[in-house]
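In this text, all values refer to a predicted model and were calculated from it rather than measured experimentally. Lettering follows sequence order; numbering is per chain, from 1.
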Amino acid sequence: MTDSSRADSFPLHRRDIAKQIFDSGGENLLIVTGLGSTNWDFTAAGDCERIFPLWGAMGGAIPLGLGLAMARPEKRVLVATGDADTLMGLGSLTTVAVQMPDNLTITVFDNERYGETGMQATATAHNADIAAIAAASGIPVTGTIRDQEEMDTALPEVLEGRGPAVFVIKVRAEKLPFVLPPKDGAYLKDRFRIALLGDTGIV
Amino acid sequence: MEWWKDIYGALKAADIKQVVFVPDAGHAKLIDACIADNDIRTVPLASEEEGIAMLAGAWLGGQRGVLLMQSSGVGNCINMIGLMRTCRFPLAAFVTMRGQWHEFNPWQMPMGQGTEPVLEAMDVLVDTVDDPADVARQSEAVLHRAFIGMQAGALLLHQRLMPVKTFGD
């Protein structure tokens, strides 16, 4: 029997980790967030045009990051999403492992909860291990980060290591104030493309 | 049955760089041609909805891509198509049809018959081609409408274009 309330006392706070990654990433980092909490986390860290924050499309953050990473091999692409979004699209880990984009890092902020819907337990609160699933899918670099020391150690690998990599970051199950980016998807898309592609990003 | 060459020619003319797919027998020769093309990245998907999200990512990065799938895969894409409509991403999907004509497998009928109405319910513009002579210009049109007209569209390749599949009966 697993303890599905253990995440209530995980030491890492998701907003701190998002801020640490965002501040360390620099101008070369392109960020795709999943819907829900990781969107609010990275918006709090620094709402900017190099972030494409999903407001929906559950299960889509990882394949969206894959398409972007393949299109822009000279840029580092970071997908920051949650355990529930990852679980909905587990097959996409096998798709990533076929393409092997060395510029793609996936960070799974794993609070073992469906955060937007009442903090119900996900499968990771029970027996599912996303890092192990990623490794078994063929992702060459995987790890689980549980405290600040492990996060500090992993950070260079997250930002500059040879990918594809999947890091599961166990974060406290906590309900935080919303910090919302613009929600007009066409605007979010266009500002990202213009920042990345200049005038050719304008259709 | 060489109409697949007309789709391939249209993809090349439209500068398509990512071809993402769940295989279908009707797309087999086109997929092989794309795999053999060093200027196209081909991506086999676990599920078709990944392909929708991948094409959004490709467009964010400045590349054009297309999704190849069977009609049954359309059902797997529906919620993810909302991403394309909300953000006004271009979409060009080439769908080989089942459940239309000389279908031997009744399990293919519901999604085959549902393909067009569910795409239209998601505001995807749908065209059907059933004459090999029209595949080239229809393919060019769906690509133009996606990447020049900035719309989401699908070209349904009628089962009449495919060899009749049986399990020997």
Side-chain angles (χ1 to χ4, degrees), chain A residues 30-32 34-35 49-75 77 79 85 88-99 101 103-104 137 183-198 200-201 203, chain B residues 15-23 31 35 39-67 69 73 76-92 122-123 144-152:
Chain A
L30 305 177
I31 299 170
V32 175
L35 77 172
E49 64 275 11
R50 291 180 295 102
I51 303 177
F52 188 71
L54 289 170
W55 282 80
M58 190 163 177
I62 292 171
L64 198 151
L66 174 62
L68 176 60
M70 287 172 54
R72 308 303 303 183
E74 79 284 8
K75 296 279 188 182
V77 174
V79 173
D85 180 57
M88 188 169 281
L90 283 177
S92 62
L93 295 171
T94 68
T95 304
V96 169
V98 173
Q99 299 303 315
N103 60 328
L104 178 63
S137 300
K183 63 184 169 190
D184 179 349
Y187 169 72
L188 293 168
K189 173 204 66 182
D190 289 340
R191 78 172 187 175
F192 186 100
R193 275 174 54 93
I194 291 165
L196 179 62
L197 305 169
T200 61
V203 176
Chain B
D15 195 30
I16 299 300
K17 297 296 190 189
Q18 296 189 27
V19 173
V20 307
F21 62 92
V22 173
I31 290 169
I35 290 171
D39 200 39
I40 292 176
R41 293 287 299 272
T42 52
V43 182
L45 306 162
S47 173
E48 291 83 354
E49 65 177 336
E50 294 170 17
I52 300 289
M54 273 200 73
L55 298 181
W59 183 255
L60 278 182
Q63 283 193 344
R64 296 176 175 184
V66 298
L67 172 60
M69 61 182 159
N76 294 346
C77 294
I78 295 304
N79 182 53
M80 204 64 79
I81 288 172
L83 167 69
M84 312 308 262
R85 306 304 295 134
T86 303
C87 300
R88 275 187 266 129
F89 281 109
L91 174 64
M122 293 303 291
D123 272 343
H144 185 278
R145 192 170 59 196
F147 299 112
I148 307 300
M150 297 305 300
Q151 302 299 312

task: Determine the minimum heavy-atom distance between A:V98 and B:P44, stating which atoms define it.
output: CG1-CG, 4.2 Å
statement: Looking only at heavy atoms, the pair that brings B:G62 and A:R193 closest together is CA-NH1, 3.9 Å
- prompt: Which heavy atom in A:P63 sits nearest to a heavy atom in B:A53, and how many Å separate them?
  reply: CG-CB, 3.9 Å
field: Closest non-hydrogen atom pair between B:M80 and A:M58, with its separation
entry: CE-O, 3.7 Å
- prompt: At what distance, to the nearest 0.5 angstrom, does CG of B:L83 lie from CG of A:L35?
  reply: 11.0 Å
- prompt: Is it the backbone or the side chain of A:T94 that comes under 4.5 Å from a heavy atom of chain B, or both, or neither?
  reply: side chain
query: Side-chain contact, heavy-atom cut-off 4.5 Å: B:C87 with A:F192?
result: no
message: So if I apply the side-chain contact (heavy atoms from CB on, under 4.5 Å) rule between B:L60 and each of A:V77, A:L64, A:L196, which one comes out positive?
response: A:L64
statement: Most heavy-atom pairs under 4.5 Å with chain A, out of B:A46, B:G61, B:G65, belong to B:G61
Beyond-backbone contact of B:K17 with A:M70, side-chain heavy atoms, under 4.5 angstrom: no
field: Point-to-point distance, once rounded to the nearest 0.5 Å, from OG1 of B:T86 to NZ of A:K183
entry: 12.0 Å
field: Side chains of B:V43 and A:T95 in contact at under 4.5 Å (non-hydrogen atoms)
entry: yes
Atom pair CD/CD of A:Q99 and B:Q18 - distance to nearest 0.5 Å: 8.5 Å
- prompt: Considering only heavy atoms, which portion of B:E50 lies under 4.5 Å from any heavy atom of chain A: side chain, backbone, both, or neither?
  reply: both
Gap between atom CD of B:Q63 and atom CG of A:L197 - 0.5 Å precision: 10.0 Å
- prompt: Given a strict heavy-atom distance threshold of 4.5 Å, which part of A:L54 is in contact with chain B: side chain, backbone, both, or neither?
  reply: side chain
